[in-house]
Trainee: 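The structure under discussion is supplied below as structure tokens; questions concerning it will follow.
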Amino acid sequence: MTKPIKHVEKVIAVAANAAWHVYDKLNAINRNPGFIPKWSDKPLLKSWEKQKPKLGWPRETDSLCPKCIPEIRQQILDGKIPVEILRNEKVGEIKANIIEKDGKIVMVKECPIHGHFEDLMSIDPAFSKHLEDVFPGRDIRAHNDEKLHDHGTSTITHGRGSVLTIDLTNRCNMMCDPCFMDANQVGYVHELSWEEIKTLLDNAISIKPRRQLSVQFSGGEPTLSPHFLDAVRYCRKIGYQSVQAATNGIEFAKRPDFAKQAAEAGLRYAYLQFDGIGNEANSHRAVGNLFDVKLRAIENLYSAGVDIVPVITLINGVNNEQVGAVVRFALDNPKKIPFLSFQPVSFTGRDEAVTPERREAQRYTLSHLAHDVKAQTGLGEPTRDWFPISFMSTFSDFADLVHGPNADWGQLSCGCHPNCGIGMAVMCDKETKEYRPVTAFLNADRLAKDVARINDAARSKRMSVIGVSLALLRNYNPYEAPTHFRLSDLIAKFDKCFGMSNKKYGKVTGDRTMEDINKRRADRWNFLFVAGMWFQDLFNYDFRRTEQCIIPYATQEGEISFCAYNTGVGWRNIVEKMHMTATLTKWYEEHGRHEIIAGGKAVNLPSKDHTLVLRADDVNHGLQHDLDKLGIAKTAREEKKRARDKQLKDAEMMKMYREHVLGEKPQPNIVPLTAIAPVAKPATQEEVGSFGD
């Protein structure tokens, strides 16, 4: 039965709608120009001033040849051609067309040397059109950035991102498939010194617009760096409010004291590798008790004051059936899981040489994600509840407006290409665990247009806040909201995110305390954000996406787009080789070998106890066998083994053919002297990297 308060709220919403029309007409008269904030040398953009790349389809874009690029990269690594060629020439670049074909969106391209390539972009054209239609446009063009943004056609040109990633080390304590950086396999260590870490963080502040970035320490496994805690501490000292670690959670699970130390240093989020519910669902990572590790890491981190973001790499046929289980896990544990980050697989690193058959079978897109969430949980309508994450930049613009020209930092702004990332917001009642997609009771599309009109008028803070309050009220449908959700909760949520008032919700600055953390957590409503971030690979690469990347890597060679660094021309391989700390052999001689947990080995946990809610059906779901039925390898390692087995089998068949059909005499198996290993030959770098103690 509908509560009476809902009827009252509906009356308020109707009245606000009438008041909005009056406000909007008055607000459109003699609009103020955009001001130049302290954190930028250019004014805030009006909605009509925001540029957009060419969208829709068919469309032509600039891409890369998946075969030319690895060859060119290897020549650079071998010293045969200079790295400057990447800055001065369009090496390996070819045109690509994005078209609709057989009810799907695909990218097709032709290399004059290597021929035709085709890859899937979306299984739902209507969904993809919706994402592009609501894209608000690019952020302020980057400036004062010449020293850090200089990577030829891979250069970031718009904004300065939302998450700055810094790889502290390429060492890792796991041996995963997939792995976009090929950790433990490259034969050398690339690990930042303390001075290098400080330099990268200081440099990031120099770029304008000077946005309030989240800084994410990654790797390898960032907790293996001896500078991890100091790096987190330094971020908070110089003003970054959100410090994250992209981690497998092993060290946090083993050592509650380490989780506490990280929280005290200023770690706010742990981006926790998390591929499904149950140990079997995570077994492709080759750690025997990996799910137990995740549960203990969540407990230790949450208790210490760190919020957890499960990060799920999705591979079609391997773990896409886990989408619903992971979403249910978040909904069942609303006090501890505020965010989910699904990441469709990128065929790079260990998977760059993927066969066409495996790539086609394992390809997973953002459209798959929206439909899998709906099919497996019943949650969300793809074209109503999912938006590009850049959709939020309109609201960031509003926050920049009300914080005024003297703010030291611009608001975090996710101004990426609409094909890069998507999200669905779900309002969860922490007490009753009732939930609803926010866009089921809030007309987000119309609200964004209303807020854009408020931003364009550039009125005072007071007038802008009045306008946004009216816009929120008129776009709110109380009958579709969760039972105990109120209009006051809606406005408070918006205020908490964007700082409209001076109300204290608990500090997020460097001097925050556990009291501040608990105050923010006391909010009855969990704004669960279910996100999908799709990183490119050489088969679907689009330079229009690279140009406005919001997750740059800070490196010794400047700040480089995530996709240009890990895929694209492969700046990671080049930068790490240029600034190599030591060969793996030399490193182990000086530092010893760190533990690598692989081959089904279990992590030694002090306890498996946890308080998280788990559903037995999800835990016991078991392995996904789609690819087994198709006879397709699941990992790069398995694919290589099959190729070697096939070569041996073909060689044996040829030998039998020569002997029994052609009548040739069998030849003795003579092993060349060069193939005979000397006594006590030291292990190769590859062997050392693959089989740590």
Side-chain angles (χ1 to χ4, degrees), residues 33-46 49-51 136-151 155-166 196-217 231-244 266 268-269 389-390 392-416 455 458 461 497-499 507-512 546-562:
F35 59 78
I36 299 176
K38 186 162 62 173
W39 45 268
S40 174
D41 295 334
K42 296 184 178 183
L44 299 181
L45 294 175
K46 304 291 188 179
E49 294 175 326
K50 292 192 172 187
Q51 299 177 0
R138 292 165 167 162
D139 197 359
I140 299 173
R141 193 173 183 90
H143 49 286
N144 197 34
D145 66 329
E146 293 79 8
K147 292 182 180 179
L148 298 181
H149 288 162
D150 180 23
H151 304 97
T155 300
I156 299 171
T157 59
H158 289 80
R160 63 84 38 91
S162 61
V163 179
L164 180 74
T165 303
I166 299 179
E196 286 172 327
I197 293 168
K198 288 199 298 182
T199 297
L200 297 183
L201 289 168
D202 292 341
N203 284 346
I205 297 175
S206 69
I207 296 176
K208 291 189 176 183
R210 187 190 189 206
R211 295 273 176 189
Q212 176 47 262
L213 286 167
S214 293
V215 177
Q216 182 173 106
F217 292 113
V232 172
R233 201 172 287 115
Y234 187 73
C235 281
R236 301 305 293 249
K237 177 183 176 181
I238 62 176
Y240 293 112
Q241 293 182 10
S242 179
V243 187
Q244 310 167 2
R268 187 172 174 188
Y269 293 104
I389 58 174
S390 49
M392 292 302 297
S393 63
T394 297
F395 302 94
S396 299
D397 292 344
F398 166 75
D400 284 333
L401 174 65
V402 298
H403 288 165
N406 295 318
D408 291 324
W409 301 78
Q411 292 296 297
L412 186 146
S413 182
C414 299
C416 58
N455 296 341
K461 177 178 179 178
C497 289
F498 301 107
K507 291 184 290 187
V508 297
T509 48
D511 59 345
R512 71 173 185 158
T546 308
E547 292 167 350
Q548 56 191 90
C549 177
I550 63 167
I551 42 177
Y553 266 85
T555 79
Q556 292 105 322
E557 294 297 311
E559 292 189 7
I560 307 173
S561 153
F562 187 100

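What you are looking at is a predicted structure, and each value in this text was computed from that prediction instead of being measured.
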Trainee: Where is the tightest heavy-atom contact between Glu49 and Leu44, given as atom of each residue plus distance?
Mentor: OE1-O, 4.2 Å
Trainee: Between SG of Cys235 and CD of Gln216, what distance do you get to the nearest 0.5 Å?
Mentor: 11.5 Å
Trainee: For the residue pair Ser40 and Ile140, establish whether any side-chain heavy-atom pair is separated by less than 4.5 Å.
Mentor: yes
Trainee: Test of understanding: with side chain to side chain donor-acceptor pair (under 3.5 Å), list the residues that count as partners of Asn455, not counting sequence neighbours.
Mentor: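 Counting only residues at least two positions away or on another chain, Asn455 forms no side chain to side chain donor-acceptor pair (under 3.5 Å).
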Trainee: Can you tell me if Asn144 uses its side chain to pair, donor with acceptor, with the backbone of Ser206 under 3.5 Å?
Mentor: yes
Trainee: Which residues satisfy the ring pair (Phe, Tyr, Trp, His ring centres under 6.0 Å) test with His151, sequence neighbours excluded?
Mentor: Trp571
Trainee: Are the side chains of Arg141 and Pro209 in touch, meaning some heavy atoms are under 4.5 Å apart?
Mentor: no
Trainee: Does any non-hydrogen side-chain atom of Ile550 lie less than 4.5 Å from one of Phe562?
Mentor: no
Trainee: For the residue pair Ser214 and Ser242, confirm or rule out a side-chain donor-acceptor distance under 3.5 Å.
Mentor: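 The criterion, which ignores hydrogens and geometry beyond distance, is satisfied for Ser242 and Ser214.
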Trainee: So, do Gln244 and Arg268 sit near enough that their side-chain heavy atoms are less than 4.5 Å apart?
Mentor: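 No, side chains not in contact.
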Trainee: Can you tell me how far the NZ atom of Lys198 sits from the CD1 atom of Ile238, to the nearest 0.5 Å?
Mentor: 10.5 Å
Trainee: Any donor and acceptor pair, going by atom type alone, linking the side chain of Glu196 with main-chain N or O of Gln556 inside 3.5 Å?
Mentor: no
Trainee: Taking side chain as C-beta onward, heavy atoms only, is Phe35 less than 4.5 Å from Asp400?
Mentor: no
Trainee: Side chains of Asp202 and Tyr234: does their closest heavy-atom pair fall under 4.5 Å?
Mentor: yes
Trainee: Please round to the nearest 0.5 Å and tell me the distance separating atom NZ of Lys46 and atom CG of Asp397.
Mentor: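 One gets 11.0 Å once the value is rounded to the nearest 0.5 Å.
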Trainee: Suppose we screen for side chain to side chain donor-acceptor pair (under 3.5 Å). Which residues come up paired with Gln241, at least two apart in sequence or across chains?
Mentor: none
Trainee: Got a second to check how far His149's NE2 is from Ile156's CD1, nearest 0.5 Å?
Mentor: 4.5 Å
Trainee: Please find the pair of heavy atoms, one from Val163 and one from Pro552, that lie closest to each other, and give the distance.
Mentor: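 Taking every non-hydrogen atom into account, O-CD, 3.4 Å.
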Trainee: Testing Asp41, Asp139, Asp145 one by one against Lys208 for a salt bridge (Lys or Arg N to Asp or Glu O under 4.0 Å), which residue passes?
Mentor: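 So the option named by the test is Asp41.
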Trainee: So, applying salt bridge (Lys or Arg N to Asp or Glu O under 4.0 Å) with Asp408, which one of Lys38, Arg211, Arg210 is it?
Mentor: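 Considering Lys38, Arg211, Arg210, a salt bridge (Lys or Arg N to Asp or Glu O under 4.0 Å) with Asp408 is found only for Lys38.
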Trainee: Indicate the atoms forming the closest heavy-atom contact of Gly266 with Val243, along with that distance.
Mentor: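 Smallest interatomic distance, heavy atoms only, reads O-CB, 3.9 Å.
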Trainee: Flag the pair Lys50 / Ser393 as yes when at least one side-chain heavy-atom distance between them is below 4.5 Å, and no otherwise.
Mentor: yes
Trainee: If you round to the nearest 0.5 Å, how far is CD1 of Ile560 from CG of Asp150?
Mentor: 10.0 Å
Trainee: Might you point out which heavy atoms bring Leu148 and Ala204 nearest each other, and give the distance in Å?
Mentor: CD1-N, 4.4 Å
Trainee: Answer yes or no: is there a side-chain heavy-atom contact under 4.5 Å between Val402 and Phe498?
Mentor: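 No - every pair of side-chain heavy atoms lies 4.5 Å or more apart.
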Trainee: Does atom NZ (Lys461) have a neighbourhood of more than 12 heavy atoms from anything else shown, all under 6.0 Å?
Mentor: yes
Trainee: Looking at every non-hydrogen atom in both residues, tell me the closest pair between Ser162 and Ser413 and how far apart they are.
Mentor: CB-O, 3.8 Å
Trainee: Look up atom NE2 in His143 and atom NZ in Lys42, then write down how far apart they are to the nearest 0.5 Å.
Mentor: 6.0 Å
Trainee: Ala554 and Glu559: which non-hydrogen atoms are nearest, and at how many Å?
Mentor: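 Between these two residues, the closest heavy atoms are CA-CG, 4.2 Å.
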